[in-house]
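Here the structure comes first, spelled out in structure tokens, and everything after it is commentary.
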Amino acid sequence: MSRYEPARTEEKWQKAWDEAGAFLARRDPAKAKYYVLEMFPYPSGRIHMGHVRNYTMGDVVARTKAAQGFSVLHPMGWDAFGMPAENAAMERGGHPRDWTEANITEMKGQMKPLGLSIDWSREIATCRPDYYGQQQAMFIDMLDKGLVYRKAAVVNWDPVDMTVLANEQVIDGKGWRSGAAVERRELTQWFFRISDFSEELLDALDGLKDWPEKVRLMQANWIGKSRGLQFAFETAGAPEGFERLEVYTTRPDTLMGASFAAISPDHPLARHLERHDPEVAEFVADCRRVGTSEEAIETAEKKGHDTGIRVRHPFDEAWELPVYIANFILMDYGTGAIFGCPAHDQRDFEFATKYGLPIPPVFVAVGADDAPLAEAYVPMKSERVRYLRGFAGTEIQTGDEGVNTAIDFCEARGVGRGVTNYRLRDWGISRQRYWGCPIPVVHCAACGVVAERKENLPVELPYDVTFDKPGNPLDRHPTWRDVPCPKCGQPARRETDTMDTFVDSSWYFARFTAPHATTPTVMADADYWMNVDQYIGGIEHAILHLLYSRFFARAMMLTGHLPKKAIEPFDALFTQGMVTHEIYMTRDRQDRPVYHLPEDVVRTEAGAALKDGTPVEVIPSAKMSKSKKNVVDPMNIIAQFGADTARWFVMSDSPPERDVEWTAAGAEAAYKHLNRVWVLSDRIASLKDGGPGRGDEDLLRATHRAIAEVTRTVEGFAFNKAIAKLYELANAIQKSDASKVAQRQAVMVLAQLMQPMTPHLAEDIWAMQGGAGLVAQAPWPKADPALLVEDTVVLPIQINGKRRAEISVPRDMPADEVEKIALSDESVVKFLGGQPVKKLIVVPGRIVNVVI
RNA sequence: GCCCGGAUGGCGGAAUGGUAGACGCAGCGGUCUCAAACACCGCCGACGCAAGUCAUGCGGGUUCGAGUCCCGCUCCGGGCACCA
């Protein structure tokens, strides 16, 4: 007696697919192409449920499209540079490259058994010279095109470890290892001119019809286009050279409500004062003890320091405002200086309250009186308000109108000019770290900054480095660092900064179209395969990764590495929800958090504990992350039940765009169902041949309904609903009294429809029923529309919106006849109790509502 | 703090403004078995004997009809430019 044995058959089918070359992407001019891509993983060493979910989704799309006749490209690679490799080297010794390569081998070994339809011949890893060397070539091209430049920018500096910290490594303003208060320090760094593309990147969002609306909205807000007024205050009592203070405001209509001016601690005026005034120096130093992240700055307590300098109001020479240095003003936005209107900005309100500054209202709600404010009054700009201290436009107008008339008014009087501003800043790519793509330039005393010659690429990372000291080992590697200038040949120094890992992931999708080429891309391949038809990844990448990739596509087009049609590289985007899990935490002697893997934690009545009984603090579910150790190992599921069970389960349990909390409970149920389907197929195969059965027609209809529904739901990324329909079809076959021929046909369609999700089981069934070839290569079934229509429909009857009865009528019965039947229905008559019908609503094929 | 989401039975979830709870999990009852497991059949939002009433995070509103649309909240999650 044979039975469902995934451990035995899954490997067999994977081999069969390999031998058939079923997943090799080929440029086939006879077929339409389809490029499906999942965001490639960081090689942490173990796959987790988030990976299984992400790659199964992509695989369902890839397999469905292949069955539908497309020439499919479905590649996989490794986002292999980054901090964890260096951290591992520091913590456990070893080398980042060895650690990373071992992790890639390990993870690939875990992904293979999933049976994904990936073209592994196209595998890439960003940490390998054949990849990052091409990235260096593009960097040089971008340098030539003026898309790259250097400028000073601030970093988080750990004064104890003498090293630059990532924002993630700054916890409550302190270095994660040293615990020292972090300082902001300025370094000269490399930048991509993404802000030159602000308008373009914003406008093009409208064309991304198959992107989630929320992602487009997040990107639009991130780019942050605003229209405002830039003007200069005349200063009084300011040092020489600071006779004017340029400020930018998006609310020039509130100019008559100004009560102070404020500048960033990094503003040139603040820097000047810092050198001459010890109090300012102390205050500014205090401000710099906050990390560089916007979050840290925005959530820090709002503080200001009165410089004693005054500015004159542009409309009233006699009206002077104090100038504060304030810790919440960002130097990167606008001019790094503002005027505060506390009546209509909550942050300014709190600031004014704290420092006893006046809060004159500029406008009130239409119909409201001028009364003291308990909080800032900040209506929507589209709302009409009554201006008490307006100076342009009518008394009652919207905020938008107020802004526009104020800009016109000011421009006409020579007070500043209307400017369009963007929040988007240039992309700083310099990292003071080893494990990244070296920036291919050399610093020469005579020639300045010189690009490496392309024939010398790749500039390879040296292997002989150690991580026993903090900081970047490239900085202290004389033979690698000290090289002749590519231009004059005199002794010079290599750039020791490496690139942000976001650079690596900003073009890998293009590299997959010609992964082994000796140029970054090959035009013919890019032209055939681009764009990515369906991109799938986590919502956490909604802004940065996707925006940088969009910029890179434009830069690659300008440098001749991508065709014009790839300017928006991702035609459709699906953002899957994250797999979340509870976090288990204890604290060390210094009260710092220590995290624990779920497999090391046991649930107890009191909560949770380590295996030695130490109680564990349970933090509510959050995104699975290595640093929090709240990760689950899918390999156990695969070992126990097979890959198809893991795949079926991750697709069935939640809508794919929603977060899913991992629970072990459903896995066994998934296995039971797959086993049931296998047994069902086995039973059908052993049925005796015979004539037509009684249920043939019903089963055929159920089958075609399933084809239509599964196709529709899979195409709409509603995989959980597709699985519900597949359960229904399996149940229908199981309960059917149809003939063997009809049942065999139904179960073969079931195998075809399940194939994208459970490809191995589908092959089992296909083979059992004597299907030709591999089901993975069989054409997708088509639903017959004639078998989808129902002859009669059940109409609920509502009385005053509450369901009271239902009637069964022919599908196309005219509304007046439906009315008659509805009103003569026994329970309707009872409910009406002779009351007159005020209104009768008949929605054909849907509902009848009787209003009395 | 700012930007973007989400909230429906014990649980995951379903529902073009039209019968709330498809499908599945857990649970309960039954058949099979010496017994158990498996498998199969049935029940399964709450209250109520019933008729029925209540019920989609909270408070309002629009509509013949609201889980769905609008306004105001609460809580949870994602992002915030050096985590990937």
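Per chain, numbering begins at 1; letters A, B, ... match sequence-line order. These figures come from a predicted structure and were not determined experimentally.
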Legend entry - A/Lys721 NZ to B/rG21 C1', straight-line distance once rounded to whole Å: 15 Å

Inset, instruction - Please state the C1' separation for the pair B/rG13 and B/rA7 - nearest whole angstrom. - result: 13 Å

Legend entry - Parallel, tilted or perpendicular: rings of A/Tyr42 and A/Trp99 (30°, 60°): tilted

Inset, instruction - Taking atom P in both B/rU19 and B/rC4, compute the distance separating them and give it to the nearest angstrom. - result: 32 Å

Inset, instruction - Provide the distance between the two P atoms, one in B/rG5 and one in B/rG67, to the nearest whole Å. - result: 22 Å

Legend entry - Distance between P atoms of B/rG59 and B/rU8 (Å, rounded): 16 Å

Legend entry - 4.5 Å side-chain heavy-atom contact, A/Leu795 and A/Val809: yes

Legend entry - Nearest heavy-atom neighbours spanning A/Ile799 and A/Ile852: CG2-CD1, 4.0 Å

Inset, instruction - Consider the side chain of A/Glu294, meaning its heavy atoms from C-beta on, and name the nucleotide among B/rG5, B/rA81, B/rC40 that approaches it most closely. - result: B/rA81

Inset, instruction - May I ask which nucleotide in the shown strands pairs with B/rA20, Watson-Crick or G-U wobble, both distances under 3.5 Å? - result: none

Inset, instruction - Looking at every strand, decide which applies to A/Phe328 at a 4.0 Å heavy-atom threshold: base, sugar-phosphate, or nothing. - result: nothing

Legend entry - Phosphate contact (B/rG79 OP1 or OP2) by A/Lys214 side-chain N/O below 4.0 Å: no

Legend entry - B/rC38 pairs with, by Watson-Crick or G-U criteria that keep both distances under 3.5 Å: none

Legend entry - Between B/rC32 and B/rG21 - P atom distance, rounded Å: 34 Å

Legend entry - A/Asn720 side-chain N/O to B/rG12 phosphate OP1/OP2 under 4.0 Å: no

Inset, instruction - Could you tell me whether A/Ser505 contacts a base, only the sugar-phosphate backbone, or nothing, with contacts defined as non-hydrogen atoms closer than 4.0 Å? - result: nothing

Inset, instruction - Would you mind classifying the nucleic acid contact of A/Ala542 as base, sugar-phosphate or nothing, using non-hydrogen atoms under 4.0 angstrom? - result: nothing

Legend entry - Given B/rG79, B/rC83, B/rG13, the nucleotide with the shortest approach to the side chain of A/Met83: B/rC83

Inset, instruction - Determine, for A/Trp157 and A/Arg184, whether the Lys NZ or Arg CZ falls below 6.0 Å from the six-membered ring centre while staying within 45 degrees of the axis. - result: no

Inset, instruction - Give a yes/no answer on whether the side chain of A/Asn731 brings an N or O atom under 4.0 Å of OP1 or OP2 in B/rC23. - result: no

Inset, instruction - Please determine, for the side chain of A/Tyr727, which listed nucleotide (B/rA20, B/rA7, B/rG24) has the closest atom? - result: B/rG24

Inset, instruction - Could you work out the separation of B/rC23 and B/rU33 based on their P atoms and round it to a whole Å? - result: 31 Å

Legend entry - A/His545 and A/Tyr508 aromatic ring geometry - parallel, tilted or perpendicular at 30°/60° bounds: tilted

Inset, instruction - Tell me which nucleotide among B/rC82, B/rC40, B/rA14 gets nearest to the side chain of A/Arg433. - result: B/rC82

Legend entry - Any A/Arg3 side-chain nitrogen or oxygen under 4.0 Å from OP1 or OP2 of B/rC38: no

Legend entry - Distance-only donor-acceptor test, A/Arg804 side-chain atoms vs B/rU19 base atoms, 3.5 Å: no

Inset, instruction - Give one of base, sugar-phosphate or nothing for A/Ser652, where a contact means two heavy atoms less than 4.0 Å apart. - result: nothing

Inset, instruction - Report which part of the nucleic acid A/Asp332 touches: base, sugar-phosphate, or nothing (heavy-atom distance under 4.0 Å, all strands). - result: nothing

Inset, instruction - Tell me whether the OP1 or OP2 atom of B/rA81 has a side-chain N or O from A/Asn167 closer than 4.0 Å. - result: yes

Inset, instruction - Write down the partner of B/rA81 under the Watson-Crick or G-U wobble criteria, each distance required to be under 3.5 Å. - result: none

Legend entry - Min side-chain heavy-atom separation A/Met218-A/Ile539 under 4.5 Å: yes

Inset, instruction - Remember a base hit wins even if backbone is also touched, and classify A/Trp427 as base, sugar-phosphate or nothing at under 4.0 Å, heavy atoms. - result: nothing

Legend entry - Rounded distance in Å between the C1' positions of B/rC40 and B/rA51: 37 Å

Inset, instruction - With heavy atoms under 4.0 Å as the rule, sort A/His541 into base, sugar-phosphate or nothing. - result: base

Inset, instruction - Specify the glycosidic conformation (syn or anti) of B/rG9, with syn defined as within 90° of 0. - result: syn

Inset, instruction - Return yes if the base of B/rC80 and the side-chain atoms of A/Glu298 contain a donor-acceptor N/O pair under 3.5 Å, otherwise no. - result: no

Inset, instruction - Determine the contact category for A/Pro655: base if any of its heavy atoms lies under 4.0 Å from a base atom, sugar-phosphate if only primed atoms, P, OP1 or OP2 are that close, otherwise nothing. - result: sugar-phosphate

Inset, instruction - Quick one: label A/Val851 by what it contacts on the DNA or RNA (base, sugar-phosphate, nothing), any heavy atom closer than 4.0 Å. - result: sugar-phosphate

Inset, instruction - With the side chain of A/Ile841 defined as its heavy atoms from C-beta on, choose the nearest nucleotide among B/rG24, B/rC4, B/rG18. - result: B/rG18

Legend entry - Partner nucleotide, any strand, of B/rU68 [Watson-Crick/G-U, under 3.5 Å]: none

Legend entry - Of the listed nucleotides B/rA81, B/rC64, B/rC4, the one nearest the side chain of A/Lys839: B/rC64

Inset, instruction - Check every strand shown and say whether A/Glu728 touches a base, only sugar-phosphate, or nothing at a heavy-atom separation below 4.0 Å. - result: sugar-phosphate

Inset, instruction - From the options B/rC83, B/rA81, B/rU19, select the nucleotide whose nearest atom is closest to the side chain of A/Glu168. - result: B/rC83

Inset, instruction - Using a cut-off of strictly less than 4.0 Å, decide whether A/Ser293 has a side-chain nitrogen or oxygen near OP1 or OP2 of B/rC80. - result: no

Legend entry - Any strand: nucleotide that pairs with B/rC75 via Watson-Crick or wobble, under 3.5 Å: B/rG6

Legend entry - Side chain of A/Arg425 (C-beta onward), nearest among B/rG1, B/rG18, B/rA81: B/rA81

Legend entry - Flag side-chain contact, heavy atom, 4.5 Å: A/Met757 against A/Ile723: yes

Legend entry - Out of B/rG5, B/rA84, B/rC80, whichever nucleotide has its closest atom nearest the side chain of A/Glu295: B/rC80

Legend entry - No-hydrogen, no-angle side-chain donor-acceptor test under 3.5 Å, A/Asn472 and A/Gln432: no

Inset, instruction - Rounded to the nearest angstrom, tell me the gap between atom CG in A/Asp426 and atom P in B/rA81. - result: 16 Å

Inset, instruction - Classify the angle between the aromatic ring planes of A/Phe551 and A/Phe192 as parallel (below 30°), tilted (30 to 60°) or perpendicular (above 60°). - result: tilted

Inset, instruction - Remember a base hit wins even if backbone is also touched, and classify A/Val215 as base, sugar-phosphate or nothing at under 4.0 Å, heavy atoms. - result: nothing

Inset, instruction - Identify whether any heavy atom of A/Gln432 sits under 4.0 Å from a base atom; if not, whether one sits that close to sugar-phosphate; answer base, sugar-phosphate or nothing. - result: base

Inset, instruction - Determine the contact category for A/Leu424: base if any of its heavy atoms lies under 4.0 Å from a base atom, sugar-phosphate if only primed atoms, P, OP1 or OP2 are that close, otherwise nothing. - result: base

Legend entry - Between B/rC38 and B/rC83 - C1' atom distance, rounded Å: 47 Å

Inset, instruction - Classify the nucleic acid contact of A/Gly224 as base, sugar-phosphate or nothing, counting any heavy atom under 4.0 Å across all strands shown. - result: nothing

Legend entry - Identified ring pair (Phe, Tyr, Trp, His ring centres under 6.0 Å) partner of A/Trp648 from the options A/Phe641, A/Tyr727, A/Phe719: A/Tyr727

Legend entry - Any donor-acceptor N/O pair under 3.5 Å between B/rC82 base and A/Gln189 side chain: yes

Legend entry - Base partner of B/rC47, which must satisfy Watson-Crick or wobble distances under 3.5 Å: B/rG52

Inset, instruction - Choose from B/rC82, B/rA20, B/rG13 the nucleotide whose nearest atom is closest to any side-chain atom of A/Ser654. - result: B/rG13

